[in-house]
Amino acid sequence: MSVPDKPSIDGLEEKWSAAWEADELYRFDRSKSREEIYSIDTPPITASGSLHVGHVFSYTHTDLVARFQRMRGREVFYPMGWDDNGLPSERRVQNFYGVRCDPSLPYDVDFTPPVDGAKAKDQVPISRRNFVELCDVLTAEDEQAYEAVWRRLALSVDWSEPYRTIGSHPRAISQKAFLRNLARGDAYQAEAPTLWDITFRTAVAQAELEDRERPGAYHRIGFARVDGGGEVWIETTRPELLPACVALVAHPDDERYQPLFGTDVRTPVFGVKVPVLAHRLADPDKGSGIAMICTFGDLNDVTWWRELQLPMRAILGVDGRLLPDPPDDVDASAYSRVTGKTVFAAREETVAMLQEAGALEGDPKQITHPVKFYEKGDRPLEIVTTRQWYLRNGGRDGELREALLARGQALNWHPPHMQVRYEHWVNGLTGDWLISRQRYFGVPFPVWYRLDDAGEPIHDDLLLPDETSLPIDPSSDCPPGYIESQRGQPGGFVGDPDVMDTWATSSLSPQIAGGWTFDDDLMARVFPMDLRPQGQDIIRTWLFSTVVRSHLEFGVTPWANAAISGWILDPDRKKMSKSKGEVITPIALFDEYGSDAVRYWAASARLGTDAAFDVGQMKIGRRLAIKALNASNFALTLGATPDLAAVTEPLDRSLLAALATVIEDATKAFAGYDHTHALKVTETFFWTFCDDYVELIKERGYGSHGEAGAASAKATLGTALSVLLRLFAPFMPYVTEEVWSWWQKGSIHRADWPTVDEVKLSDLTGTEATLLTLIGVALSKVRGAKSTAQVSMRTPVSRAVVRAAAGDIERLQTVSHDLAAAGRIEQIEFEPTDDSEITIDVTM
RNA sequence: GGGCGAUUAGCUCAGCUGGUCAGAGCGCUCGCCUCACACGCGAGAGGCCACUGGUUCAAGUCCAGUAUCGCCCACCA
């Protein structure tokens, strides 16, 4: 045993994180059986930019569970993954190096990124392969920085094999899962109106949408009736879509428009004859009660277009500009004034034309209305008809939807009400999952198309790779039976240019971490997993999509438990913004308060509950860590040694009896994913232990009450210390490990979780546990008297008279020597009274 | 418009299936250099548990409604 003279929490993080790494303390032992293993589906994090305190918060929650389960004897499978494909990485590369991807450029072997590219005004166009290489380099660097933070936070993950979603195996697994989806009919391609981000020039999925309030204006536009019966006035915020108009629509019960149903009107300026139709989705209270249907202004247009079987007059290209050629029936000279223009410019021009034609009534009426955005974009989404890949997710299939809802019910949600969010989302799906993205850095679709004699792809004629050849890149690999020279040639082939949505890969995180089809032995030992920890914001994406993939591939729910962490809020109760969160870096917090303290802050927030960013809580955590160090130092210096047989003193018996309850409560709470309660009961007991118990037995421990009395105190101190350190170990891994190393063999993090048996005394009576509380009250009275007299706590008391109920007096008398010693009372007397309150007359 | 959650001392939060539950910590006040810890210790003051009804012998604790805040979904002509 080696207890330092002056213990300090400084330097513990460097010391122990290095030791844990050297000892491979958290290395997963795959020889264990499924029953012995506790497996965690760690969220693969996007390592673009810097870690946010919110990440520290939720990842700590997971680590608490991991450490608890490990100490309980489970072999914990706790991998780490990086979600490095996708738009965030691309954007980071663009900004960091000052480059942009131009797929038409050839690969440049000697390419080096521009110096100071981040400050350059214009981004350098580079080939897709060069771009992907830069993504690869930069994400790897970012991931190392993240790993350093995670290690400092003491996440007990097995760092031996972190996966990257852009890595070879994950890519292969993603492609393989897709091919199997395709073979089963779960995946299909369709040419359909698609929500489209014109900045990124990619399709986006329903799960990635968000609404934002934007200014707009109602334009009141007159359509001439073909029968000469005057004009029909509609109101629209999108006048530039007039050339895309295919019909007008009003509610079937709307008496104002009933006479018009079935008749035709003519679009102003562009002169197209369109029908007036009835549909239940038309809202009589909106605008003039009659709307123009365009291909396409919003999702309602898509519904009307589909259900009313209207023609297509597409005018918007994938670049967000109006197409060069007018749609069918549209006046070419009028259209020539808007062709090639952006939506905004086209709107101005169309309004001008309408005014010239006298078809615009009054001034546009300014309003604010919600507009759909891609969550990572900053321009409104448009709807463009494109060919895309979809994966069935119950959005168009009641039976599948029910099955997925049942999967959600089979999951233990922590907290339970989070299940509602899942069900809400599944019930609100309006279509299948669009998984293709017109991007560069991602997992490519493992698909080629045969080209016809004119060199056009035949989309029904898929050329697929053999599973064993995965991963493949169809833009550089050839389909079986073809050679590279046939690429792009009539009768040859062409690769699918798209990559998969990042969720299409991260939804396979259990398969990736478990080594599905590459290491089926491992997969069988860890899957279905025990725990999926994640944020509430990605229930609709990551959680749901993982359930979908698991259901389609294996027919099971992928985990037993889902632990959902809340948000971090600013002190002003607003969700902590990205910019603010990035100002406060986790490293700075570790430096100032210590990792144990930051973990303490995170641990004091329950799952599913938003928590304030509160450095006050970190200060408390820091204080607790220092206290643990000092109290341990004292107890061990005194000679604390666990030995139940030596515990004879009433107060000591009482402490252990109370500790048994703490073990019970903390264990039950932890097992039920209530780490907050586990921490609370342990912490509360610990402070009583320090402030009351240790003070009460101090003198006796030094030998003032004989050998047996001292031995009893030391044995109790030893037992309690051992238990308390282990109860704290998941929360404060550094300080507990440090203290453990002074007097125990091995790491505390591989020690056994404490059990009631360790502190169980024979012939314990029911009330013994409360003796500690009783003497605590008495001690407080003595201290109060000294405090009131404004004297030091070590001021001697010549005489003290304790008055309390007879029963309490009887029990207090059994510990009077401890009370007298702690209060420096020379003469102590007891008087039973009828009052239930304890009072002490103190003479100094 | 539909839904979920929250509303307890100045602040951050505990209060499980109704009856010592009106609590903790921080902050504040007043003391104390007590030989583990001044990165400390002790003692205090502070709340009619958002509001209105209801159920009950008994309600922060259950029910209904209202208000405020946060979030999700829908709408977006």
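In what follows, chains are A, B, ... by sequence order, proteins preceding strands, each numbered from 1.
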Query raised in the report: Looking at A:Tyr693 and A:Ala713, what are the two nearest heavy atoms and their distance?
Result: OH-O, 4.0 Å

Query - Euclidean distance for C1', B:A58 against B:U66 (whole angstrom) - result: 26 Å

Query raised in the report: A:Asp211 has an atom CG; how far is it from atom C1' of B:C73, in whole Å?
Result: 10 Å

Requested in this report: Classify the nucleic acid contact of A:Arg606 as base, sugar-phosphate or nothing, counting any heavy atom under 4.0 Å across all strands shown.
Outcome: sugar-phosphate

Query raised in the report: What integer distance in Å separates A:Lys786:NZ from B:G31:C1'?
Result: 14 Å

Report summary line: Paired to B:G42 by Watson-Crick or G-U wobble criteria (both distances under 3.5 Å) is B:C30

Query raised in the report: When we call it a touch if two heavy atoms are under 4.0 Å apart, what does A:Trp601 touch: a base, just sugar-phosphate, or nothing?
Result: nothing

Requested in this report: Using the P atom on both, measure B:G18 against B:C63 and round to a whole Å.
Outcome: 10 Å

Query raised in the report: Is any NZ, NE, NH1 or NH2 atom of the basic residue among A:Glu695 and A:Arg783 found under 4.0 Å from an Asp or Glu carboxylate oxygen of the other?
Result: no

Report task. Assign A:Gln536 to base, sugar-phosphate, or nothing according to its heavy-atom contacts below 4.0 angstrom with the strands shown. Result -> nothing

Report summary line: Whichever of A:Lys6 and A:Arg783 has the more 5' nearest nucleotide on RNA chain B, that residue is A:Lys6

Report summary line: Winner on side-chain proximity to A:Ile626, out of B:A77, B:A36, B:C39, is B:C39

Query - Centroid-centroid under 6.0 Å between A:Phe223 and A:Trp233 rings - result: no

Query raised in the report: Rounded to whole angstrom units, what separation is found between the CG atom of A:Leu638 and the P atom of B:C37?
Result: 13 Å

Query raised in the report: So what does A:Leu779 touch, heavy atoms closer than 4.0 Å: a base, only the sugar-phosphate, or nothing?
Result: nothing

Query raised in the report: Does a donor on one side chain and an acceptor on the other come within less than 3.5 Å for A:Glu13 and A:Ser595?
Result: yes

Requested in this report: State whether A:Phe373 and A:Arg212 meet the cation-pi test: NZ (Lys) or CZ (Arg) under 6.0 Å from the six-membered ring centroid, and within 45° of the perpendicular axis.
Outcome: yes

Report task. May I ask you to evaluate whether A:Gln790 reaches the phosphate of B:U29, defined as a side-chain N or O under 4.0 Å from OP1 or OP2? Result -> no

Requested in this report: Determine the interatomic distance between P on B:A59 and the same-named atom on B:A50; round to the nearest Å.
Outcome: 15 Å

Report task. Mind calculating the distance between CZ (A:Arg421) and P (B:G5) to the nearest angstrom? Result -> 10 Å

Query - B:U20 - base-pair partner by Watson-Crick or wobble geometry, distances under 3.5 Å - result: none

Query raised in the report: So which one's nearest nucleotide on RNA chain B is more toward 5', A:Leu209 or A:His424?
Result: A:His424

Query raised in the report: B:G18: syn or anti, with syn meaning chi within 90° of zero?
Result: anti

Requested in this report: Could you check whether A:Asn427 gets within reach of a base, just the sugar-phosphate, or nothing at all, counting any heavy atom under 4.0 Å?
Outcome: nothing

Report task. Using a 4.0 Å heavy-atom cut-off across all strands, classify A:Thr788 as base, sugar-phosphate, or nothing. Result -> nothing

**Report entry** Donor-acceptor side-chain pairing of A:Arg811 and A:Thr770 below 3.5 angstrom
**Finding:** yes

Query raised in the report: Is the A:Tyr673 ring parallel, tilted or perpendicular to the A:His414 ring (thresholds 30°, 60°)?
Result: parallel

Query - Gap in Å between the two P atoms, one belonging to B:C35 and one to B:G40, rounded - result: 15 Å

**Report entry** Distance, rounded to the nearest Å, where A:Arg347 contributes CZ and B:A77 contributes P
**Finding:** 11 Å

**Report entry** Separation of atom CE in A:Met618 from atom P in B:U12, rounded to whole Å
**Finding:** 15 Å

Query raised in the report: Counting only Watson-Crick or G-U wobble pairs whose two distances fall under 3.5 Å, which nucleotide matches B:C35?
Result: none

Query - Polar pair under 3.5 Å, donor/acceptor by atom type, side chain A:Asp537, base B:C71 - result: no

Query - P atoms of B:C75 and B:A14, separation to the nearest Å - result: 35 Å

Report task. Measure from the ring center of A:Tyr374 to the ring center of A:Trp196 and say whether it is less than 6.0 Å. Result -> no

Query raised in the report: Where the side chain of A:Ala291 is defined as all heavy atoms beyond and including C-beta, which of B:G42, B:G40, B:A77 is the nearest nucleotide?
Result: B:A77

Query raised in the report: Is the glycosidic angle of B:G54 within 90° of 0, making it syn, or outside that range, making it anti?
Result: anti

Requested in this report: Locate the shortest heavy-atom distance separating A:Pro415 from A:Gly608; write the atom from each residue and the value.
Outcome: CD-CA, 3.6 Å

Requested in this report: Taking atom C1' in both B:C71 and B:G27, compute the distance separating them and give it to the nearest angstrom.
Outcome: 30 Å

Requested in this report: Would you classify A:Gln206 as touching base, sugar-phosphate or nothing, given that sugar-phosphate means primed atoms plus P, OP1 and OP2, and contacts are heavy atoms under 4.0 Å?
Outcome: sugar-phosphate

What protein N or O atoms touch nucleotides 19-28 of chain B N or O atoms at under 3.5 angstrom, if any, and at what distances?
{"residue": "B:C26", "atom": "OP1", "partner": "A:Arg623", "partner atom": "NH2", "Å": "3.0"}

Query raised in the report: Does B:G31 have OP1 or OP2 sitting under 4.0 Å from an N or O in the side chain of A:Ser792?
Result: no

Query raised in the report: Can A:Lys680 be said to sit on top of A:Phe685's aromatic six-ring, NZ or CZ under 6.0 Å from centre and within 45° of the ring axis?
Result: no

Requested in this report: Give a yes/no answer on whether the side chain of A:Tyr600 brings an N or O atom under 4.0 Å of OP1 or OP2 in B:U12.
Outcome: no

Report task. From the options B:G3, B:C75, B:A43, select the nucleotide whose nearest atom is closest to the side chain of A:Lys286. Result -> B:C75

Requested in this report: Please check if the distance between the ring centroids of A:Tyr600 and A:Phe731 is under 6.0 Å.
Outcome: no

Report task. Would you indicate what A:Val249 reaches in the nucleic acid, counting non-hydrogen atoms under 4.0 angstrom: base, sugar-phosphate, or nothing? Result -> nothing

Query - Same-atom distance (P) from B:C26 to B:C72, integer angstrom - result: 35 Å

Report task. Provide the Watson-Crick or G-U wobble partner of B:C4, both distances under 3.5 Å; none if there is no partner. Result -> B:G70

**Report entry** Rounded distance in Å between the C1' positions of B:C11 and B:G54
**Finding:** 34 Å

Query raised in the report: What's the CD1-P distance between A:Ile539 and B:C72, to the nearest Å?
Result: 11 Å

Query raised in the report: Does the ring center of A:His279 lie less than 6.0 Å from the ring center of A:His251?
Result: no

Query raised in the report: Which part of the nucleic acid does A:Arg238 contact within heavy-atom distance under 4.0 Å: base, sugar-phosphate only, or nothing?
Result: nothing

**Report entry** Distance in angstrom units between A:Asp614 CG and B:G10 C1', rounded
**Finding:** 14 Å

Query raised in the report: Across all strands, who's sitting opposite B:U55 as a Watson-Crick or G-U wobble pair, both distances under 3.5 Å?
Result: none

Query raised in the report: How would you label the contact of A:Met292 with the nucleic acid (heavy atoms, under 4.0 Å): base, sugar-phosphate, or nothing?
Result: nothing

Requested in this report: May I ask you to evaluate whether A:Lys698 reaches the phosphate of B:A36, defined as a side-chain N or O under 4.0 Å from OP1 or OP2?
Outcome: yes

Query - Pairing partner of B:A14 (Watson-Crick or G-U wobble, both distances under 3.5 Å) - result: none

Report task. Determine the contact category for A:Ala282: base if any of its heavy atoms lies under 4.0 Å from a base atom, sugar-phosphate if only primed atoms, P, OP1 or OP2 are that close, otherwise nothing. Result -> base

